Protein chains: 2
Amino acid sequence: MTTAENGPPARYHHGDLRNALLEAGRVLLEEGGPSALSIREIARRVGVSAPAAYHHFSGLDDIAVALAEQGFAELAERLQAAPSNVNGQLAPAGMAYIAFARDNPGLYRLMFGEGFGGAFAADDRIRALRSQAYEVLKDGLSRRLPAGEIGTAALFLWSLTHGLALLMIDGQFDPGTDPDALVAAVLRLSGKGLPTSAERTDSV
Amino acid sequence: MTTAENGPPARYHHGDLRNALLEAGRVLLEEGGPSALSIREIARRVGVSAPAAYHHFSGLDDIAVALAEQGFAELAERLQAAPSNVNGQLAPAGMAYIAFARDNPGLYRLMFGEGFGGAFAADDRIRALRSQAYEVLKDGLSRRLPAGEIGTAALFLWSLTHGLALLMIDGQFDPGTDPDALVAAVLRLSGKGLPTSAERTDSV
């Protein structure tokens, strides 16, 4: 950015600089994935020195954790805002989950530890925020299922949406001309299960 | 390894060295994930010089592609060998898929491009092998579903098993004391769908 390369160092109020650094981190994440994160590059982009960035973050792990926190908070908001959740319908939440990952593929990969697995596994804030997003999912299920079945059902839905989101953002299959319709069709199967030609419908 | 550090360079027949290099690559993958792959370290471990390794592989991408090829071939074998596939039952194939990922977490992450996304996206061999594993899954479904429903159903099952496998190998949830039973319970939902308390069972 021109400020860093051609002009004097940029000046920020305390909170503004922290936010500017995180914003630059998100741009880097979406440009090159979690491995593209670098404090020097983040600082360069907002026009401050690396030491100025270290004033706000103890290191790259700390920035990564802060970015993942933003991600989980935004994901929980999206799930909560998904329409028609009142009757225990699950497809809108599933669509919202996958849309979040497709809108923020670099951030989504980071949230699940790519490149920072060690740092995240030990971080209580990440664990708490991940649980919080998961609770939104379970809340939706509680309107539909008896308490004893919610755990397995939530893991089923999370696996399905996590897997589909990653296959899509990793370009593992050709989503055709209408990816949203494909996602909706796949999610629909979570409610009715795969049809079977056998007599016994429990013959999975 | 002692040969490299204390003894004379190891001597291999042509094919043996290639296999030894790949074997060392797999050990590295499982020790530190895709980012731990390094030609120098692979060569060091089998007790040859880096140039000797370059005689077999044009670079790190080439080794990564060869390792992923091994992975997809082994995954397809495991799916084909899954018991009880004759009646279109899906749980055994799903269990086999997830067991493969849990047995080879570093390799599994590599197969889906972690760290080598660019190299893999452009590689026809990877694409062909991935398709081949996918065809095994579709074959199982063809005994159960009309042709027009197989595509969506296969993507549904692949998403579910891919997501569950990654959540497990990434340690994203506590699988409790009997992970196999949990996997089986989650896969069972793919056949019957999530129960609903609402009247309309299509109310996903």
Side-chain angles (χ1 to χ4, degrees), chain A residues 33 35 87-92 94 109 112-115 117 120-121 130 134 141 143-146 149 151-168 170-173 175-176 182-198 201-204, chain B residues 33 35 87-92 94 109 112-115 117 120-121 130 134 141 143-146 149 151-153 155-168 170-173 175-176 182-198 200-204:
Chain A
S35 65
N87 302 316
Q89 292 187 316
L90 304 168
R109 288 196 190 93
F112 287 91
E114 187 177 311
F120 284 19
R130 194 174 55 204
Y134 202 41
L141 287 167
R143 301 197 189 87
R144 177 177 179 133
L145 296 174
E149 294 178 30
T152 310
L155 184 55
F156 167 79
L157 274 184
W158 190 22
S159 299
L160 179 68
T161 49
H162 184 59
L164 183 53
L166 286 173
L167 291 174
M168 291 191 95
D170 288 342
Q172 297 288 340
F173 67 94
L182 182 59
V183 169
V186 169
L187 291 176
R188 216 172 290 130
L189 288 174
S190 68
K192 62 183 186 185
L194 292 179
T196 175
S197 53
T201 52
D202 60 344
S203 165
V204 184
Chain B
S35 66
N87 302 316
Q89 293 186 317
L90 304 169
R109 287 195 190 94
F112 288 91
E114 186 177 311
F120 284 18
R130 194 175 55 205
Y134 202 41
L141 287 167
R143 302 196 188 88
R144 177 176 180 134
L145 295 174
E149 295 179 26
T152 309
L155 183 56
F156 167 79
L157 274 183
W158 190 21
S159 298
L160 179 68
T161 48
H162 184 58
L164 183 54
L166 286 173
L167 291 175
M168 291 190 95
D170 288 341
Q172 297 287 341
F173 67 94
L182 182 59
V183 169
V186 169
L187 291 176
R188 214 172 292 130
L189 289 175
S190 67
K192 62 183 185 185
L194 292 179
T196 174
S197 52
R200 299 185 304 133
T201 51
D202 59 344
S203 165
V204 184

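No experiment lies behind these values; they were computed from the predicted model shown.
Summarising the geometry of A/Phe112 relative to B/Asp170, their closest heavy-atom pair is O-OD2, 4.1 Å, with the distance given to 0.1 Å. B/Ser159 and A/Leu160 make their closest contact through CB-O, 3.7 Å (heavy atoms, listed as atom of the first residue, atom of the second, distance).
One distance of note links CZ of B/Phe120 with CD of A/Gln172; it measures 9.5 Å at 0.5 Å rounding. In this structure, B/Leu155 CG and A/Leu167 CG are separated by 7.0 Å, a value rounded to the nearest 0.5 Å.
With a 4.5 Å cut-off on non-hydrogen atoms, A/Ala121 does not touch chain B at all. Neither the backbone nor the side chain of A/Ser35 comes within contact range of chain B; no heavy atoms are under 4.5 Å apart.
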How far apart are the C-alpha atoms of B/Phe173 and A/Trp158, what are their side-chain angles, what is the distance that settles it, and do they pass the side-chain contact (heavy atoms from CB on, under 4.5 Å) test? CA-CA 11 Å; B/Phe173 67 94; A/Trp158 190 22; 4.3 Å; yes
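In terms of non-hydrogen atom pairs under 4.5 Å with chain A, the most contact-rich of B/Arg130, B/Glu114, B/Arg109 is B/Arg130.
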